[in-house]
Amino acid sequence: MTGGWVSKYPDDVRKIAQAGHDLGNHSENHKNMSELSIEEMRREIMEVHEKVKALTGIEMKLFRPPYGGIRAGNTKACAQERS
C-alpha cells in the first residue's frame, strides 16, 4: 500500500484488513529506495506504516520496494533504527 492510496481509500484499507488479508507497505510516495538515504527511506516506510496502523491497528511486516530498488544493507539499517 502506498501512502496516497491509503489516504484516498481508507475504507478499502479497513475492509482489506477486516477480510484477513496481509497488508504490505509499498512506501509513502513510491520513490526508488536505492536513491534515498537511510533516513529518507525510513520516513517513506514509516509514514504509510503509521497511517495503516491508525486505520487498522495492524503493524505491517511486509515491504516491497518500488521499482524493486534497494541497496544492500539499507533495509536492515532502516529496521535497526526502528528497534
Contact check, side chains of [X] and [Y], non-hydrogen atoms, under 4.5 Å:
| X | Y | answer |
| --- | --- | --- |
| Asn25 | Leu62 | no |
| Ile16 | Leu23 | yes |
| Val48 | Thr2 | no |

Assess whether a salt bridge exists between Glu59 and Lys53, defined as any Lys/Arg side-chain N lying under 4.0 Å from an Asp/Glu carboxylate O.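 Yes, charged N to carboxylate O under 4.0 Å.
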
Is a salt bridge present between Glu40 and Lys31, judged by a nitrogen-to-oxygen distance below 4.0 Å?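 Between Lys31 and Glu40 there is no salt bridge, as every charged N stays at least 4.0 Å from the carboxylate O atoms.
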
[atom2] on [Y] to [atom1] on [X], rounded to 0.5 Å:
| X | Y | atom1 | atom2 | answer |
| --- | --- | --- | --- | --- |
| Glu50 | Leu55 | CD | CG | 11.5 Å |
| Glu35 | Asn32 | CD | CG | 4.0 Å |
| Met1 | Phe63 | CE | CZ | 14.5 Å |
| Leu36 | Arg43 | CG | CZ | 9.0 Å |
| Lys61 | His49 | NZ | NE2 | 7.0 Å |

Could you pull out the closest heavy-atom pair between Met33 and Ser27, with the gap in Å?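 Of all heavy-atom pairs spanning Met33 and Ser27, the closest is CE-CB, 3.4 Å.
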
Closest non-hydrogen atom pair, Ser7 against Lys51: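 In terms of heavy atoms, the two residues are closest at OG-NZ, 2.9 Å.
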
For the backbone of Ile45 and the side chain of Glu28, can you confirm whether one donor and one acceptor N or O come within less than 3.5 Å of each other?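 Flag not set: sc Glu28 to bb Ile45 has no pair under 3.5 Å.
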
Go through it in stages, so that I can follow the logic: the residues are His30 and Tyr67, the test is ring pair (Phe, Tyr, Trp, His ring centres under 6.0 Å), and I'd like the CA-CA distance, side-chain angles, deciding distance and then a yes or no. CA-CA 8 Å; His30 206 264; Tyr67 314 104; 4.7 Å; yes

